[in-house]
Chemist: 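Quick one: structure below, then a few questions.
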Amino acid sequence: MSGVLWVVSPKENANSLLSLMPRIGSPRRSKLCSRLTFSTGVLAYSGAVAHPIRSSEEMVYEVVLKQAALVREQSRVKERALDLDERIETDGLSNWDLLNQAYDRCGEVCAEYAKTFYLGTLLMTPERRRAVWAIYVWCRRTDELVDGPNASYITPKALDRWEKRLTDLFEGRPYDMYDAALSDTVSKYPVDIQPFKDMVEGMRLDLIKSRYQNFDELYLYCYYVAGTVGLMSVPVMGISPESKASTETVYNAALALGIANQLTNILRDVGEDARRGRVYLPQDELAQAGLSDDDIFRGKVTDKWKMFMKGQIKRARMFFDEAEKGVSELNSASRWPVWASLLLYRQILDAIEANGYDNFTKRAYVGKAKKLVSLPVAYGRAVIGPSKLTKQLVSR
């Protein structure tokens with residue numbers, strides 16, 4: 001499935017993620033939540049699929065506009081925040097102490113599974129850094145529901161319960177320490193719940209869908225599992241006071257980066273997905289290239305496959321180009337981790353080409369030496385002001 005927070009984390013050491021796996025059967029409340037009640041409610045389905053007649057881009061853009069409007073308002077209903085003004089003692093620890101521990105644990109998870117991104121977050125203000133960690137962990141846990149070691153046990157009802165937990169934490173009723181960190185985060189920043197719900201919708205698709213007829217279908221899937229992350233995190237990362245770009249433009253760029261990353265995932269993992277019976281490439285485009293699922297399952301690199309892959313890589317790079325225009329508009333302290341992830345992930349496409357388009361048996365990756373070279377380049381771009389860098393990118 002997807003990676004998270006504008007950068008895909010490795011899936012090695014999956015068993016060590018068991019401690020992060022959400023309990024979605026009979027939830028236990030953390031000590032921080034000991035005096036908070038749980039709600040019951042009706043499952044709210046994604047607004048992005050309410051009107052299937054429209055194109056995927058049109059449906060997703062409505063979510064973009066809604067989130068951008070929230071940021072412009074810069075206001076939040078404070079009643080949704082956890083009530084931490086009363087310092088309630090639990091085993092000698094106050095709610096503030098427990099909340100700090102929750103954020104620290106989120107930071108540890110981010111450091112373990114997204115090392116490069118974690119280093120970049122250290123340049124952010126402490127409050128923004130902690131909030132980004134909380135979002136990362138929620139996305140990571142959500143992804144592990146369908147891609148983790150217990151994925152075979154996950155059912156649509158389990159995802160319904162996970163979405164109910166999401167609604168509860170947005171209303172100040174978290175189930176555990178990780179939920180508590182995110183609940184506190186969304187009470188402080190103008191983050192809308194819809195991108196989170198849409199990510200859960202992406203998990204539902206992974207349970208029932210293994211083919212995508214055209215790019216419009218694939219685009220919506222990429223939005224669900226990766227584009228949503230940009231919409232979640234931009235309100236926390238912030239937009240530079242020097243930026244002259246519209247809020248919608250910045251959010252569209254964040255969305256484009258998520259789409260680019262997921263398309264890159266798909267192109268990198270063709271062989272791995274095929275061994276699981278999954279084909280995430282547009283069926284109509286495969287047919288136009290004279291290819292079929294059988295060609296993918298055979299895993300043979302042919303001239304037709306190379307031509308097809310060249311077109312797919314070109315499209316992914318177009319989304320990266322669009323994303324670059326928006327990264328420079330972020331708050332200066334937030335740019336480096338995003339630039340680093342963008343530049344590193346873009347190089348995976350170069351690696352696919354270097355492998356002779358053999359993404360059946362060879363895994364494309366960026367070596368440590370290239371990573372070390374890319375980090376200072378990313379930092380250099382991060383320190384350049386929005387308007388100046390945007391002019392450079394447009395003139396390329």
Side-chain angles (χ1 to χ4, degrees), residues 3-8 60-61 63-74 110 114 116-136 139 185-186 188-192 195 223 226-262 319-346 374-394 396:
V4 289
L5 225 66
W6 293 13
V7 60
V8 175
V60 171
Y61 190 56
V63 183
V64 171
L65 291 177
K66 184 179 179 182
Q67 178 63 85
L70 273 177
V71 172
R72 281 196 299 268
E73 291 171 10
Q74 286 296 307
C110 187
T116 301
F117 187 83
Y118 172 79
L119 290 174
T121 64
L122 298 181
L123 295 178
M124 298 179 182
T125 63
E127 187 176 66
R128 281 180 175 161
R129 178 192 315 152
R130 284 154 50 108
V132 166
W133 293 343
I135 293 173
Y136 172 89
C139 292
T185 290
V186 301
K188 294 177 178 176
Y189 294 94
V191 180
D192 185 51
Y223 159 71
T228 50
V229 185
L231 305 189
M232 297 174 192
S233 51
V234 168
V236 172
M237 292 183 169
I239 299 174
S240 171
E242 303 170 4
S243 174
K244 297 180 181 178
S246 68
T247 307
E248 290 85 354
T249 298
V250 178
Y251 273 91
N252 271 328
L255 174 63
L257 183 51
I259 301 294
N261 282 349
Q262 187 60 21
F319 278 100
F320 277 121
D321 289 343
E322 186 65 28
E324 287 189 7
K325 300 173 186 177
V327 180
S328 59
E329 308 297 334
L330 294 174
N331 182 279
S332 58
S334 302
R335 291 177 208 147
W336 188 40
V338 182
W339 267 119
S341 66
L342 187 155
L343 295 178
L344 291 172
Y345 229 68
R346 186 166 189 158
S374 298
L375 291 178
V377 174
Y379 184 79
R381 291 196 179 189
V383 297
I384 300 176
S387 57
K388 187 174 181 180
L389 185 57
T390 300
K391 289 178 181 177
Q392 292 179 9
L393 293 171
V394 171
R396 283 195 317 198

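Atom set for the values below is all heavy atoms of this structure, side chains included, hydrogens, waters and symmetry mates excluded.
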Chemist: Hey, does R128 have a side-chain heavy atom less than 4.5 Å from the side chain of Y189?
Modeler: yes
Chemist: Indicate yes or no for a side-chain donor-acceptor contact from R346 to the backbone of A260 under 3.5 Å, with no hydrogens or angles considered.
Modeler: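 Flag not set: sc R346 to bb A260 has no pair under 3.5 Å.
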Chemist: Between G326 and A253, what is the shortest heavy-atom contact and its length?
Modeler: CA-CB, 3.3 Å
Chemist: Going from CG on N331 to CD1 on I239, what distance comes out if it is rounded to the nearest 0.5 angstrom?
Modeler: 10.0 Å
Chemist: Nearest 0.5 angstrom please: Y345 OH to T116 OG1, how far?
Modeler: 12.0 Å
Chemist: Can you give me the closest heavy-atom contact between C139 and V229, atom names plus distance?
Modeler: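 Closest approach of C139 to V229, heavy atoms only: SG-CG2, 4.3 Å.
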Chemist: A323 and A256: which non-hydrogen atoms are nearest, and at how many Å?
Modeler: N-CB, 4.0 Å
Chemist: Are side-chain heavy atoms of I384 and S328 found at a separation under 4.5 Å?
Modeler: no
Chemist: Taking side chain to side chain donor-acceptor pair (under 3.5 Å) as the test, write out the residues that go with S334, two or more places apart.
Modeler: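 If we apply the side chain to side chain donor-acceptor pair (under 3.5 Å) test to S334, skipping adjacent residues, there are no hits.
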Chemist: List the atom of A226, the atom of G258, and the distance in Å for their closest heavy-atom pair.
Modeler: CB-O, 3.3 Å
Chemist: Looking at every non-hydrogen atom in both residues, tell me the closest pair between L375 and W336 and how far apart they are.
Modeler: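 The answer is O-NE1, 3.0 Å.
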Chemist: When you look at R335 and S240, which way does the side-chain contact (heavy atoms from CB on, under 4.5 Å) test go after all the steps?
Modeler: CA-CA 10 Å; R335 291 177 208 147; S240 171; 3.7 Å; yes
Chemist: Could you tell me whether K325 and E322 have a side-chain N and a carboxylate O separated by less than 4.0 Å?
Modeler: yes
Chemist: Does any part of the side chain of V327, heavy atoms only, come nearer than 4.5 Å to the side chain of R381, both counted from C-beta?
Modeler: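 No, side chains not in contact.
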Chemist: Find the distance between OH (Y136) and OG1 (T121) and round it off to the nearest 0.5 Å.
Modeler: 11.0 Å
Chemist: How long is the gap from OG on S374 to CG on L344, to the nearest 0.5 Å?
Modeler: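 Between S374 OG and L344 CG, I get 5.0 Å after rounding to 0.5 Å.
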Chemist: Under a 4.5 Å cut-off applied to non-hydrogen side-chain atoms, are Y223 and L231 in contact?
Modeler: yes
Chemist: If you measure from CD on E324 to CG on L343, what distance do you get to the nearest 0.5 Å?
Modeler: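 Taking CD in E324 and CG in L343, the distance rounds to 6.5 Å.
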Chemist: May I ask you to decide if the ring planes of W133 and Y118 are parallel, tilted or perpendicular, using 30° and 60° as cut-offs?
Modeler: parallel
Chemist: Can you see which heavy atom on T185 is nearest to which on A134, and at what distance?
Modeler: OG1-CB, 3.7 Å
Chemist: To the nearest 0.5 Å, what is the distance between OG1 (T247) and CG (L65)?
Modeler: 10.5 Å
Chemist: Quick one: does R130's side chain get under 4.5 Å of M124's, heavy atoms only?
Modeler: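 Heavy-atom side-chain distance check fails, nothing below 4.5 Å.
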Chemist: Less than 4.5 Å apart, side chain to side chain, heavy atoms only: is that true for L257 and F319?
Modeler: no
Chemist: Mind checking what makes side chain to side chain donor-acceptor pair (under 3.5 Å) contact with S243, not counting sequence neighbours?
Modeler: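 Once residues adjacent in sequence are excluded, the partners of S243 under the side chain to side chain donor-acceptor pair (under 3.5 Å) criterion are E329.
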Chemist: What pairs with L119 under side chain to side chain contact (heavy atoms under 4.5 Å, CB included), at least two apart in sequence or on another chain?
Modeler: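 Counting only residues at least two positions away or on another chain, L119 forms a side chain to side chain contact (heavy atoms under 4.5 Å, CB included) with L122.
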